[in-house]
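Numbers for residues simply follow the sequence, beginning at 1. Only heavy atoms go into these numbers, but all of them, side chains included; no hydrogens, no water, no symmetry mates.
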Amino acid sequence: MDYLPLFADLKNRPVLVVGGGEIAARKIELLRRAGARVLVAARELGHELQALLDINAIEWIAPRFEPAQLDGVFLVIAATDDNALNAQVFDAANARHKLVNVVDDQPKCSFIFPSIVDRSPLVVAISSSGTAPVLARLLREKIEALLPANLGQMAEVAGQWRDKVKQRYHSMSERRRFWERAFNGLFASQMSAGNVNEARRTLDRELKNDSDNQGEITLVGAGPGDSGLLTLRGLQVMQLADVVLYDHLVSEEVLELVRRDADRICVGKRAGAHSVSQEETNAMLVELALQGKRVVRLKGGDPFIFGRGGEELQAAKAAGIPFQVVPGITAAAGATAYAGIPLTHRDHAQSVLFVTGHLRSDSAGIDWPTLARARQTLAIYMGTLKAAEIAAGLIEHGRAASTPVAVIGCGTRQDQQVLTGTLDQLEALAVAAPTPALIVIGEVVNLHGQLAWFQHSAQQGARESAVVNLA
């Protein structure tokens with residue numbers, strides 16, 4: 001280990017910075033966040049430091065560096081483009097046994113600045129010991145993405161309960177087990193959801209043994225298929241799950257992101273072949289949560305758009321189980337974006353309707369005149385089996401048979417296919433498209449040829465031959 005990691009308390013401690021330019025300003029920003037009293041020795045100040053001087057946020061003690069300025073300071077930073085001056089600062093600091101950092105000159109550093117993930121009071125520092133700072137920065141970005149933004153607030157609340165926990169649990173092992181349960185349980189979920197008051201009440205209940213290791217249910221939208229479209233919050237919840245109930249629309253690459261030791265249960269449904277009824281799924285969610293488990297209900301797209309998420313949460317509410325929702329990118333937004341089809345465009349469509357294609361056999365209750373209006377886009381979910389009825393109904397109520405349509409199969413996935421044609425060809429297009437598929441009807445489909453970007457070259461031939469065959 002080339003450097004000993006330390007976290008220094010700089011509140012109101014004097015730190016000398018030699019230099020007044022942009023590099024010095026970057027270091028001073030960190031020092032000020034840590035509460036340091038910043039002293040600056042520089043010939044002149046850049047506009048950033050001048051602004052800080054104007055509000056008395058720093059002290060400009062001299063126009064040049066003198067070794068005597070090191071007396072009484074806690075740390076020293078040399079941030080100039082003058083190598084000789086930087087060396088002078090380094091030698092003078094070493095002679096006085098002061099920790100010194102010469103920016104971008106690792107051999108002249110007795111301490112270094114790590115890459116920082118700031119979730120104060122929780123702070124994560126990453127260092128390559130000065131050998132590969134870009135690598136350290138990349139690692140910081142990865143860790144930054146994994147740690148919830150309110151983790152610091154969680155640590156603050158936990159700190160307020162430390163004395164209470166010590167009074168309740170006298171041994172260190174008991175206290176450790178309590179906090180492990182808290183940071184992996186309902187308290188953590190409520191903090192992540194921003195429900196601070198309820199999280200505090202949860203800690204109180206658990207301290208009084210009023211809580212019987214209560215579980216919870218989280219609905220997570222998995223997006224349309226591409227794992228890169230999964231939200232950061234969705235990934236974080238999946239990594240904490242004890243059990244995941246998922247449907248057939250969730251792609252394999254998204255399922256690969258589930259915590260390795262979590263139980264996975266498929267409760268998917270397919271048209272005409274319901275493997276698990278909705279009532280059975282609701283009961284299973286409740287039963288698992290009552291066992292004290294963190295249950296994630298992973299649903300393709302967004303759980304509140306044709307996903308029956310509301311029904312599942314009603315069951316959770318009736319059973320008194322805490323729940324939360326993590327939205328997902330719905331298929332109409334994701335698949336059309338990857339197909340280069342804007343849902344709205346001021347020259348073609350001023351509105352968009354999301355419609356389910358699960359029509360009743362008599363099509364009763366469908367507002368066909370509204371659906372058939374011109375200058376709007378229809379995004380139809382689960383409509384391939386009823387494509388003939390959909391096309392006939394729209395044409396009958398005034399939508400032109402020549403209206404452009406697209407059927408997007410496996411949208412956003414590596415095997416995505418986009419089949420285009422006209423409304424009177426919709427049934428044949430739907431038969432040819434792989435599932436899951438989204439139907440898009442409207443003039444915006446004509447923009448697909450200009451704006452398609454995802455695997456455009458690989459799919460162009462297949463798409464063109466599909467349209468030609470229909471003709």
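Leu229 CG to Glu253 CD: the interatomic distance, rounded to the nearest 0.5 Å, is 9.0 Å. The CG atom of Leu230 sits 5.5 Å away from atom CE of Met238, with the distance rounded to the nearest 0.5 Å. In this structure, CD1 on Ile126 lies 12.5 Å from NZ on Lys142, to the nearest 0.5 angstrom. Atom CZ of Arg294 is separated from atom CZ of Arg259 by 5.5 Å, given to the nearest 0.5 angstrom. Taking OG of Ser189 as the start and CD of Glu198 as the end, the distance is 12.0 Å to the nearest 0.5 Å. Atoms CG and CD, on Leu219 and Gln324 in that order, are 9.5 Å from each other to the nearest 0.5 Å.
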Check step by step if ring pair (Phe, Tyr, Trp, His ring centres under 6.0 Å) holds for Phe111 and Phe113.
CA-CA 7 Å; Phe111 80 93; Phe113 285 92; 5.5 Å; yes
Between Leu288 and Ile265, does the side-chain contact (heavy atoms from CB on, under 4.5 Å) criterion hold? Intermediate values first, please.
CA-CA 11 Å; Leu288 290 166; Ile265 303 173; 4.3 Å; yes
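Applying the 6.0 Å contact sphere to CG of Asp81 captures no more than 12 heavy atoms from other residues, nucleotides or ligands. Heavy atoms of other residues, nucleotides or ligands lying less than 6.0 angstrom from CZ of Arg43 number 12 at most. Counting non-hydrogen atoms of neighbouring residues, nucleotides and ligands closer than 6.0 angstrom, the CD atom of Glu252 reaches no more than 12 such neighbours.
Note on ring orientation: taking the six-membered ring where Trp is involved, the planes of Phe187 and Phe183 are tilted (angle from 30° to 60°).
Neither side chain, Gln236 nor Ser192, offers a donor N or O lying under 3.5 Å from an acceptor on the other. With hydrogens and angles left out, the side-chain atoms of Asp54 and Gln50 include a donor and acceptor closer than 3.5 Å.
Sorted by first and then second residue, the pairs that involve residues 144-162 and meet salt bridge (charged side-chain N to carboxylate O under 4.0 Å, His left out), not counting sequence neighbours, are Arg119-Glu144.
Looking at residues two or more places apart in sequence or on another chain, you find no ring pair (Phe, Tyr, Trp, His ring centres under 6.0 Å) involving Tyr3.
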